[in-house]
2 protein chains.
Amino acid sequence: MVEAEIYKALGDPIRLEIVSRLAGGSPSTIGELSGNLGISRQGARKQLQVLVAANVVHLVPRGRQTRVVLDTETLQLARSFIARLEIQWDRRLEALKEFAESDPGE
Amino acid sequence: MVEAEIYKALGDPIRLEIVSRLAGGSPSTIGELSGNLGISRQGARKQLQVLVAANVVHLVPRGRQTRVVLDTETLQLARSFIARLEIQWDRRLEALKEFAESDPGE
DNA sequence: ACTTTATGCAACCTTTTGGTTGCATTTTGT
DNA sequence: ACAAAATGCAACCAAAAGGTTGCATAAAGT
């Protein structure tokens, strides 16, 4: 269950806020992303590191500052895994429904 | 950032395993789902409770035992949120690309 | 009635998480 | 050369998470 780490990374309001800002087009240096989160810069940096560890974002150093970029592949993986769950579940319900129709009553 | 709680709930190998089993069609009482997870029944139950709190699953009592059912709406919400992030990001890259083409060189 | 099965609940413990502060380091601008 | 800006790193701390064990309870089978 490799995917768990991805969801875990997304499973915090501050980290999700960071990812949202990134996707939304906010300037994407570490410093800028760390502002206005309600916690210290170093605190924000630790949260960012969690996203890095889960491959949700990557850091690319650029001279004095460091850019943060989203990893779309990881997001895609997370999304398609959920999609798969939904499909399986739907198929299952469908099967149960057919069974119920062939055998009415409780 | 309401969605965070959902991802947090999915962000644990055992909980994700439970959800997968559920979607995959395993018999879905609490007892059955709690087996073979490598932890005690009560431990598994606590994990299940996290999924309930995040509305990923619902519990429906049925006499002596309790059925566990997936909440597809919640899964859908989680999936579409990620999809939205991807789309935003893609649009942003597209815009940057156009800008780069109109202003060549570093 | 008694036993078994399926479950609930609470106390407890250890590890992880989320945050802090303080200081060091590396670029960049003057 | 010096100051400021952007960042890194580590120690520390409180709270939350993930697990355990032990016991209580309600429904079902015999």
Side-chain angles (χ1 to χ4, degrees), chain A residues 1-22 26-70 78 105-106, chain B residues 1-22 26-70 74 78 106:
Chain A
M1 220 83 330
V2 190
E3 293 88 351
E5 202 189 355
I6 306 175
Y7 298 124
K8 189 172 191 175
L10 296 177
D12 173 273
I14 289 190
R15 290 194 295 263
L16 205 49
E17 170 68 28
I18 292 176
V19 172
S20 293
R21 286 189 191 182
L22 257 180
S26 303
S28 51
T29 71
I30 290 185
E32 286 163 326
L33 279 175
S34 300
N36 295 97
L37 287 173
I39 61 176
S40 69
R41 177 191 61 85
Q42 290 90 334
R45 179 56 237 254
K46 278 183 70 174
Q47 295 304 118
L48 191 51
Q49 190 55 39
V50 175
L51 292 171
V52 170
N55 275 306
V56 174
V57 304
H58 295 144
L59 301 183
V60 9
R62 262 272 201 149
R64 182 171 30 174
Q65 50 196 17
T66 300
R67 297 214 141 265
V68 183
V69 307
L70 262 190
E106 163 70 348
Chain B
M1 220 82 330
V2 190
E3 294 85 352
E5 201 189 357
I6 306 175
Y7 297 125
K8 189 171 192 176
L10 296 177
D12 172 274
I14 289 190
R15 289 194 295 263
L16 205 49
E17 170 67 28
I18 292 176
V19 173
S20 293
R21 286 189 190 182
L22 214 47
S26 303
S28 51
T29 70
I30 292 186
E32 286 163 327
L33 279 174
S34 300
N36 296 96
L37 287 172
I39 62 176
S40 69
R41 177 190 61 87
Q42 291 89 332
R45 179 57 237 254
K46 278 183 70 174
Q47 295 304 116
L48 191 53
Q49 191 54 39
V50 175
L51 293 171
V52 170
N55 276 306
V56 174
V57 304
H58 295 144
L59 300 183
V60 9
R62 261 271 200 152
R64 179 166 38 168
Q65 50 195 17
T66 299
R67 297 214 143 262
V68 183
V69 309
L70 261 189
T74 301
E106 161 70 346

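Each chain gets a letter, A, B and so on, in the order its sequence line appears, and its residues count up from 1.
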Participant: I need the CD1-C1' distance between A/I39 and D/dA14, as an integer number of Å.
Facilitator: 16 Å

Participant: Could you tell me which residues satisfy side chain to side chain contact (heavy atoms under 4.5 Å, CB included) with A/S20, sequence neighbours excluded, listed by chain and number?
Facilitator: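 By the side chain to side chain contact (heavy atoms under 4.5 Å, CB included) rule, A/S20 matches B/M1, B/F81, B/L85.
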
Participant: Tell me whether B/Y7 contacts the main-chain N or O of A/D12 through its side chain, where contact means a donor paired with an acceptor under 3.5 Å.
Facilitator: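 No: the side chain of B/Y7 does not pair with the backbone of A/D12.
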
Participant: Across the strands shown, which category fits A/R67 at heavy-atom distances under 4.0 angstrom: base, sugar-phosphate, nothing?
Facilitator: nothing

Participant: Suppose we screen for side chain to side chain contact (heavy atoms under 4.5 Å, CB included). Which residues come up paired with B/E32, at least two apart in sequence or across chains?
Facilitator: B/P27, B/T29

Participant: Determine the sole option in A/L22, A/V19, A/I18 for which the side chain to side chain contact (heavy atoms under 4.5 Å, CB included) test with A/V56 is passed.
Facilitator: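 Option passing the side chain to side chain contact (heavy atoms under 4.5 Å, CB included) with A/V56: A/V19.
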
Participant: Contact class for B/G43 vs. all strands (heavy atom < 4.0 Å): base, sugar-phosphate, or nothing?
Facilitator: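 B/G43: base contact, heavy atoms under 4.0 Å.
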
Participant: What do the steps show when you test A/I30 against A/Q65 for side chain to side chain contact (heavy atoms under 4.5 Å, CB included), and what is the final call?
Facilitator: CA-CA 7 Å; A/I30 290 185; A/Q65 50 196 17; over 6 Å; no

Participant: With a 4.0 Å cut-off on heavy atoms, is B/S40 in touch with a base, just the backbone sugar-phosphate, or nothing at all?
Facilitator: base

Participant: So, does B/K8 get its side chain near the phosphate of D/dA16, meaning an N or O under 4.0 Å from OP1 or OP2?
Facilitator: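 No, because none of the side-chain N or O atoms of B/K8 sits under 4.0 Å from OP1 or OP2 of D/dA16.
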
Participant: Which comes earlier along DNA chain C counting from the 5' end, the contact point of A/Q65 or that of B/E32, where each point is its nearest nucleotide?
Facilitator: B/E32

Participant: Classify B/Q47 by what it touches in the nucleic acid, base, sugar-phosphate, or nothing, heavy-atom distance under 4.0 Å.
Facilitator: sugar-phosphate

Participant: What's the CG-C1' distance between B/L16 and D/dG18, to the nearest Å?
Facilitator: 16 Å

Participant: For the helix from C/dA1-D/dT30 to C/dT30-D/dA1, what angle lies between the axis at the first five pairs and the axis at the last five pairs, to 10 degrees?
Facilitator: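 For the helix from C/dA1-D/dT30 to C/dT30-D/dA1, the axes at opposite ends meet at about 30°.
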
Participant: Does A/V50 or B/T66 map to a spot on DNA chain C nearer the 5' end, using the closest nucleotide for each?
Facilitator: B/T66

Participant: Can you tell me the distance, in whole Å, between the CD1 atom of B/I14 and the P atom of D/dA17?
Facilitator: 16 Å

Participant: Does any part of the side chain of A/L59, heavy atoms only, come nearer than 4.5 Å to the side chain of A/V68, both counted from C-beta?
Facilitator: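 A side-chain contact under 4.5 Å exists here.
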
Participant: Please state how far atom NZ in A/K46 lies from atom P in D/dC12, giving the value in whole angstrom units.
Facilitator: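 That distance rounds to 13 Å.
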
Participant: Kindly write out the residues that satisfy side chain to side chain contact (heavy atoms under 4.5 Å, CB included) with A/R64, not counting sequence neighbours, or none if the list is empty.
Facilitator: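 Once residues adjacent in sequence are excluded, A/R64 has no partner under the side chain to side chain contact (heavy atoms under 4.5 Å, CB included) criterion.
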
Participant: Any heavy-atom pair between the side chains of A/L33 and A/R21 that's under 4.5 Å?
Facilitator: yes

Participant: Round to the nearest Å and state the distance from B/Q49 atom CD to D/dG19 atom P.
Facilitator: 15 Å

Participant: Which atom names give the shortest non-hydrogen contact between A/I6 and A/A78, and what distance separates them?
Facilitator: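 Looking at all heavy atoms of both residues, the shortest contact is CG2-CB, 4.0 Å.
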
Participant: Go nucleotide by nucleotide along DNA chain D from the 5' end; which of A/R45 and A/R64 gets its closest nucleotide reached first?
Facilitator: A/R64

Participant: What's the CD-P distance between B/E5 and D/dA16, to the nearest Å?
Facilitator: 14 Å

Participant: Suppose we call a contact any N or O donor and acceptor under 3.5 Å apart; does that hold for the side chain of A/R41 and the base of D/dG8?
Facilitator: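 It does, because a donor-acceptor pair links the side chain of A/R41 to the base of D/dG8 below 3.5 Å.
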
Participant: Could you give the side-chain donor-acceptor pairs of residues 43-55 of chain A under 3.5 Å, partners two or more places apart or in another chain?
Facilitator:
{"from": "A/R45", "atom 1": "NH2", "to": "A/Q49", "atom 2": "OE1", "distance (Å)": "2.3"}
{"from": "A/N55", "atom 1": "OD1", "to": "A/H58", "atom 2": "NE2", "distance (Å)": "3.3"}

Participant: Could you tell me how far apart B/Q42 (CD) and D/dA17 (C1') are, to the nearest whole angstrom?
Facilitator: 17 Å

Participant: What are the 5'-most and 3'-most nucleotides of DNA chain C lying under 4.0 Å from any heavy atom of chain A?
Facilitator: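 Terminal contacting nucleotides, 5' to 3': C/dT17 to C/dT28.
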
